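See below for the structure under consideration.
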Amino acid sequence: MSNYKINTKCVQSGYTPGNGEPRQIPIIQSTTFKYDTSEDMGKLFDLETSGYFYTRLQNPTNDYVAAKIADLEGGSAGMLTSSGQAANFFAVFNICECGGHIVSSSSIYGGTFNLLAVTLKKMGISVTFVSPTASEEELDNAFQENTKAVFGETIANPALTVLDIEKYAKAAHKHGVPLIIDNTFPTPVNCRPIEWGADIVTHSTTKYMDGHGSAVGGAIVDSGKFDWMAHKEKFPGLCTPDESYHGITYAEKFSNSGAFITKCTAQLMRDFGCIQSPQNAFLLNLGLESLHVRMPRHVENGTAVAEFLSSHKKVKKVNYPGLKTDPYYELSQKYMPQGGCGVVSFEIEGGRKGAEAFMKKLKLAAIETHVADARTCCLNPATSTHRQMTEEQLEAAGIPAGLVRVSCGLEDKEDLINDLKQALE
Ligand SMILES: *Cc1c(COP(=O)(O)O)cnc(C)c1O
C-alpha cells in the first residue's frame, strides 16, 4: 500500500512504467503467454512462481487495475471479475461451500439478494438475513455453528441504508468469520470499509468506478488482516492442502495478505472463468483516474436533488443519507463525512402508477437499469430490478412500490432539479 493521498492513488497507483515503456496501462489483448521451457510453465501450475499463462485466470492489464483498486481500499491484494455479481459470488464462495451459512444484511442489491437467497441455496449454502440496524444481540443470534462470513453494503442499493460497519465487523470477528462489504456506492473515495474493520471489500466497478456506463465489471479486495489459520477448522479451503495444486496450503504459502486472492484466482477463476476482459479493465482504469474528481460532484448533485424533493408536496418520503432528516444521517456522517454518493430514492404519491407516470415525463433523466454514471437516470425497483421479490421481502429491504431511484449524474444541478420539477407537476 502506498502512502499517497486518495486523489493521487486514483491517478497513479497500480502501474509504474519502466524506462521506455508505455505511459498508459497497456491492453494485453492475448489469451495466452509464451514460455521457453515446460519446466518454466510447470512452476506456474504449481504456484511456485507467479506469472501469466492463460487469460481465463489472470491478465496483466487486469492486475494493474486490480492493484490500483486494492491500494485505494487499503487492502493487501485484489482481483477483477467480469461483473459485480461475479465479485460477490466469488467473495462468498471462496470461503463458504455446500453446508456453510452466511449472515447478511437484508438491505442489499436485488441481484445480490437473489444470489444469496436463491442461487447459493441451490448450492447448499444457507443465509440468515438481518436488519441493517440489528442490535448486537440480534446479530449474535443470527450466527450458527457453520457460519462462514457476514455480508453487507456500505450504502445499500437501492434502499440507501447505511451499514454500521464497525458493529457488523465486531459481530463477525466475535464469531471468528470475516466481514465482506460491498462498497460500490461510496467507492473508496468516500469510504474505506477496511479502516472500519471489514476484511474483504467487493465492487461492482460497472458503477462509479467506470463511471461512464461503458464497461460491466467487478473487483474483490482483501484487507490481508483476517487470520485464517486462527480459525482453521472453519476454513479448510484456505487452511488445508489443495490437491489440485500439489498440496499447497494457501494460508501458509501466501500468508494472510495473499491467501484469499490467490485461492480465488487459482480455483474459482480457473473453474468458473468470470474474468474481466483486458479491454474493459483499461476502460475501468480511465474511470478510476477521475473518480476522486467525479465523486464530489455526484454528492453535490445528489444533495441538491434530495433537498429539492424533500420540499415537494407530491413526494411522500426521501431517502438520502446526506440529509439531516434521514435516519441514517449519523452513520453517514461517521463513515462518509464528505458524502456518500449521488443516488437518491424517494416515494412518490400514487405508488407504482404514480412512479410510472412521473418517469415518463422526465427529459434529462433516462429510465435505465443502471445507477452511478455520468448521465442522470432513474428506475422504479418494484417493477424492474426487484420484481422477483414478494411484498414482504420488498418491505424488509425498504423498497415500497412507489419508490423511484434517481442516480444523479454530472450534469448541472439546476437542470436536474428543473427536470424533476416539471415531471412532478
Ligand atoms: C450493480 C450492483 C451489483 C452488481 O454488479 P454488476 O456489475 O451489475 O454485476 C452489486 N452490488 C451493488 C451494490 C450494485 O449496485
Side-chain angles (χ1 to χ4, degrees), residues 1-17 22-25 61 64-75 78 80 84 154-155 157 160 183-195 201 203-219 221 280-307 320-322 332-333 335-344 364-366 368 370-377 406-417:
M1 201 197 345
S2 70
N3 289 323
Y4 291 113
K5 304 255 190 310
I6 198 94
N7 297 354
T8 305
K9 289 184 182 187
C10 279
V11 184
Q12 298 253 2
S13 282
Y15 172 69
T16 311
R23 184 68 189 96
Q24 180 55 288
I25 293 180
T61 309
Y64 294 134
V65 183
K68 175 180 280 189
I69 296 174
D71 198 30
L72 288 170
E73 288 288 4
L80 299 188
T154 315
I155 304 179
N157 175 11
L160 301 176
N183 195 38
T184 296
F185 268 19
T187 81
V189 168
N190 286 336
C191 179
R192 289 173 296 283
I194 291 170
E195 292 173 3
V201 174
H203 281 279
S204 165
T205 62
T206 317
K207 313 295 165 54
Y208 289 118
M209 282 191 168
D210 164 51
H212 299 80
S214 54
V216 171
V221 173
N280 278 6
F282 175 84
L283 291 171
L284 166 58
N285 185 59
L286 290 184
L288 290 170
E289 287 181 359
S290 65
L291 186 65
H292 59 298
V293 182
R294 293 183 287 110
M295 287 313 289
R297 175 61 76 91
H298 283 294
V299 168
E300 184 188 331
N301 285 356
T303 306
V305 162
E307 281 168 359
Y320 188 68
S332 150
Q333 286 298 106
Y335 293 108
M336 293 161 279
Q338 296 163 299
C341 64
V343 183
V344 180
L364 275 178
E368 286 173 34
H370 192 48
V371 281
D373 75 53
R375 289 162 295 266
T376 295
C377 58
V406 183
S407 169
C408 300
L410 299 173
E411 303 91 341
D412 191 282
K413 62 189 173 196
E414 265 181 54
D415 289 336
L416 292 182
I417 289 171

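Computed from heavy atoms alone, side chains included, the values below leave out hydrogens, waters and symmetry copies. Treat the numbers as computed from the prediction; the structure is a model and nothing was measured.
Using a 4.5 Å cut-off on side-chain heavy atoms (C-beta onward), Tyr4 and Gln12 make no contact. Taking 4.5 Å as the limit, every side-chain heavy atom of Asp373 sits out of range of all side-chain heavy atoms of Lys207. Leu160 is listed as a side-chain neighbour of Phe185, based on a closest heavy-atom distance under 4.5 Å. With contacts defined as side-chain heavy-atom distances shorter than 4.5 Å, the pair His370/Arg375 does not qualify. Counting heavy atoms from C-beta on, the side chains of Val406 and Val343 never come closer than 4.5 Å. Taking the side chain as every heavy atom from C-beta outward, Gln24 and Leu286 approach each other to under 4.5 Å.
The CG atom of Leu72 sits 8.0 Å away from atom OG1 of Thr187, with the distance rounded to the nearest 0.5 Å. To the nearest 0.5 angstrom, Met209 atom CE is 9.5 Å from Leu80 atom CG. The structure places CZ of Arg294 at 8.0 Å from CG of Leu288, a figure rounded to the nearest 0.5 Å. The CE atom of Met336 sits 8.0 Å away from atom CG of Asn190, with the distance rounded to the nearest 0.5 Å. Rounding to the nearest 0.5 angstrom, the gap separating the OG1 atom in Thr184 from the CG atom in Asn157 is 8.0 Å. Distance SG/Cys408 to CD/Glu300: 11.0 Å, rounded to 0.5 Å.
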Please lay out, stage by stage, how Val65 and Asn285 fare under the test side chain to side chain contact (heavy atoms under 4.5 Å, CB included).
-> CA-CA 6 Å; Val65 183; Asn285 185 59; 3.8 Å; yes
Take Thr205 and Asp210, measure what side chain to side chain contact (heavy atoms under 4.5 Å, CB included) needs, and give me the verdict at the end.
-> CA-CA 6 Å; Thr205 62; Asp210 164 51; 5.6 Å; no
Would you sort out whether Ile194 and Val221 count as a side chain to side chain contact (heavy atoms under 4.5 Å, CB included), showing the intermediate values?
-> CA-CA 10 Å; Ile194 291 170; Val221 173; 4.2 Å; yes
Test side chain to side chain contact (heavy atoms under 4.5 Å, CB included) applied to Val189 and Gln338, step by step | CA-CA 9 Å; Val189 168; Gln338 296 163 299; 5.7 Å; no
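Under a 3.5 Å cut-off, the side chain of Lys413 and the backbone N or O of Val305 do not form any donor-acceptor pair. In this structure, the side chain of Ser407 does not engage the main chain of Cys377 through any donor-acceptor pair within 3.5 Å. Side-chain atoms of Tyr208 come within 3.5 Å of backbone atoms of Gly342 as a donor-acceptor pair (strictly under, hydrogens ignored). Side chain of Glu73 to main chain of Val201: no donor-acceptor pair is present (N/O by atom type, distance under 3.5 Å, no hydrogens or angles). A donor-acceptor pair under 3.5 Å links the side-chain atoms of Asn183 to the main chain of Cys191, judged by distance alone. Using modelled atom types, one side-chain atom of Tyr320 and one backbone atom of Cys341 make a donor-acceptor pair closer than 3.5 Å.
Across Leu416 and Glu411, no two heavy atoms sit closer than the pair CD2-OE1, 3.8 Å. Among all heavy-atom pairs drawn from Gly409 and Asn301, the shortest one is O-ND2, 3.0 Å. Shown here for Cys10 and His292, the closest heavy-atom pair between the two residues is CB-ND1, 3.3 Å. Ser332 and Pro321 get closest at one heavy-atom pair: OG-O, 3.4 Å. Scanning both residues, Pro188 and His203, for their nearest heavy atoms gives CD-CE1, 3.7 Å. Pro22 and Pro17 get closest at one heavy-atom pair: O-CB, 3.3 Å.
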